[in-house]
Amino acid sequence: DNMISLLGFNQLKGDWKIHSSRSTYNVAIVFGKKLVRDQITVEYASRIRTLARLFKNDAEFRPSLVCFCGGKAEGGHVASADAGYIFFRDNDISIN
């Protein structure tokens, strides 16, 4: 229900550029996905690459904060948020 509410809110508000201002903190959130043997999945990697494309292709896309979400799965050793950030950082996807 929360995700549906969030998506509905975004559809009502429209493009983030319309609502951005110097006093607004824009936050990019990458929703984690359960890791497989402490490794990110193809779907999770796709989410992270989408974020990287936004940074690369849209000079105005500069959020105040980027959040990688997700915890450890039962039996796992790495939180999906940590794995996502490491993938973003170590694969030269991050911005300068």
Side-chain angles (χ1 to χ4, degrees):
D1 281 340
N2 290 339
M3 180 61 108
I4 292 170
S5 297
L6 176 62
L7 293 174
F9 178 80
N10 287 345
Q11 288 175 346
L12 290 174
K13 286 294 189 179
D15 190 348
W16 66 270
K17 293 177 195 174
I18 296 169
H19 305 287
S20 183
S21 73
R22 290 195 182 275
S23 64
T24 300
Y25 285 96
N26 294 300
V27 179
I29 299 173
V30 181
F31 292 104
K33 182 159 174 51
K34 184 177 175 182
L35 304 178
V36 176
R37 291 184 294 283
D38 287 332
Q39 305 264 333
I40 66 170
T41 63
V42 171
E43 181 182 346
Y44 192 20
S46 176
R47 294 175 191 176
I48 297 166
R49 287 186 179 111
T50 298
L51 173 68
R53 273 193 301 277
L54 281 169
F55 276 113
K56 182 180 178 183
N57 298 332
D58 188 343
E60 294 180 27
F61 180 78
R62 294 297 180 264
S64 307
L65 182 67
V66 175
C67 296
F68 291 87
C69 302
K72 283 188 209 175
E74 187 174 325
H77 298 89
V78 180
S80 62
D82 293 337
Y85 172 71
I86 291 167
F87 180 81
F88 183 79
R89 185 194 68 203
D90 289 352
N91 287 283
D92 202 25
I93 292 174
S94 58
I95 63 164
N96 296 330

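Rounding to the nearest 0.5 angstrom, the gap separating the OH atom in Tyr44 from the CD atom in Gln39 is 13.0 Å. Note: Asp38 CG to Lys72 NZ = 9.0 Å, rounded to the nearest 0.5 Å. The NZ atom of Lys34 sits 8.0 Å away from atom CD of Glu74, with the distance rounded to the nearest 0.5 Å. To the nearest 0.5 angstrom, Leu54 atom CG is 4.5 Å from Phe61 atom CZ.
Neither Val30 nor Val42 shares a network with the other; the hydrophobic side chains, linked directly or stepwise wherever heavy atoms of I, L, V, M, F, W or Y lie under 4.5 Å apart, form separate groups for each.
Two residues are said to be in side-chain contact when any heavy atoms from C-beta on lie closer than 4.5 Å; Leu35 and Thr41 fail this criterion.
Nearest heavy atoms, Ala45 versus Ile40: CB-CD1, 3.8 Å. Across all their heavy atoms, Ala81 and Cys69 have their closest contact at CB-C, 3.7 Å. Closest approach of Ser80 and Gly70 over heavy atoms only: OG-CA, 3.1 Å.
Looking at Arg53 and Thr50, their side chains do bring a donor and an acceptor atom within 3.5 Å of each other.
Classified by interplanar angle (parallel below 30°, tilted 30° to 60°, perpendicular above 60°), the ring pair Phe68/Tyr85 is perpendicular.
The closest donor-acceptor contact from the side chain of Arg62 to the backbone of Phe55 lies under 3.5 Å.
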